[in-house]
Amino acid sequence: MIGLTHTRSAIDAHTHVHPNAATLLLDVMEANGIDRVVNLGILERLGIPFQEGMRAFQSVLGDRLVYFPAPDFGDTAPGFGRRMAEELEGKIEAGACGLKIFKELGLRHRDADGKLIAVDDPRLDPLWAKAGDLRVPVLIHTADPLAFFQPLDEGNERWEELQLHPDWYFGGPGFPGHESLLAQRNRVVERHPGTTFIGAHLGNYPENLAYVTACLNRYPNLYVDTAARIGEIGRHPAQEVRSFLLKHQDRIIFGTDLTLGWDTYEKQEDRTEIKQFYDAHWRFLETGERQIEYPGYPVQGRWKVDAVNLPDEVLEKLYVCNAQGLIPGLGT
Ligand SMILES: [Zn+2]
């Protein structure tokens, strides 16, 4: 790739890797300068026993992989928040380093009475408080791209994608709106100032950098990651994006949403493609090139992005220092 001189190592703080893909992950890390990864919620998502999964990761990756378990929303009988807190504590004692919340909270998980559980449902307070007590961060995915909540017609910019994946559409009856979900999340962050929250996907409002700025200004315990949103982040004028990243350089964590070893829409197995995927991140963050393909292009839309050419010390914060400051087990 012409003009790319990426040589530094990075932590990828947002991945979803099946234990069976641990060896592939090690190869991918070696080939792409990824020193460590944070692996999110995959064991619970796929019903893989925790100890078995952790052993599989550790045998291949040692301390180069840290794991955040997800709570079990299959059990929402009364007292579920307390039970989730206890389970988190047990898993942290057994080597986990944080808590992962998938987007189904607020959109799909229901309590024992069949009622949708809001992100800020007080019954979950023991869980958020426990993460704070244990000094581990909560990586929380709330809402999704704005287009998934907007009218579903050919004017919707994700029309093609939503035709292929109708279950990603949340604009129908019974779903809270995009900003309403983010407001629920914000109330949790506000109510638990002693707990660190990392809002996945640039806090899930990369379409609106002013909104993300307002959240970061308001909640000192909120951080955001870059996972799977370079395409959205890079849609704004490059100068605006660069200023945003410089302003919040201590609050933004590099992550990609790399997914290995299980069947998803964006199944990534091919080493060459994965190399291109990482290179596209480096290219966006480290060069000043114009109108380049974002990582994962064109899945999120057929536009191109202008790179932001961040200074070395800011790259070091995004790639390494910010994650190390928040997430136990990533070394210093
Ligand atoms: Zn993810």
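Just so you know, ligand 1 is whichever comes first in the structure, and atom 1 is the first atom listed for that ligand. The structure presented is a predicted model; accordingly, all values stated were derived computationally and were not measured.
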Open item on the list: Less than 6.0 angstrom separating the ring centers of W282 and F254, yes or no?
Closed with: yes
Open item on the list: I'd like the atom name of the N/O/S atom in D257 lying closest to the Zn ion (ligand 1).
Closed with: OD1
Task: Rounded distance [0.5 Å steps], CG in L216 versus CZ in R251 - done: 5.0 Å
- [ ] Say whether N186 and R218, considering side chains only, have a donor N or O and an acceptor N or O under 3.5 Å apart.
- [x] no
- [ ] Look at the N, O or S atoms of H141, main chain and side chain alike, and state whether any lies under 2.8 Å from the Zn ion (ligand 1).
- [x] no
Open item on the list: Any N/O/S atom from H201 (main chain or side chain) under 2.8 Å of the Zn ion (ligand 1)?
Closed with: no
Task: From H281 atom NE2 to E286 atom CD, the distance as rounded to the nearest 0.5 Å - done: 11.5 Å
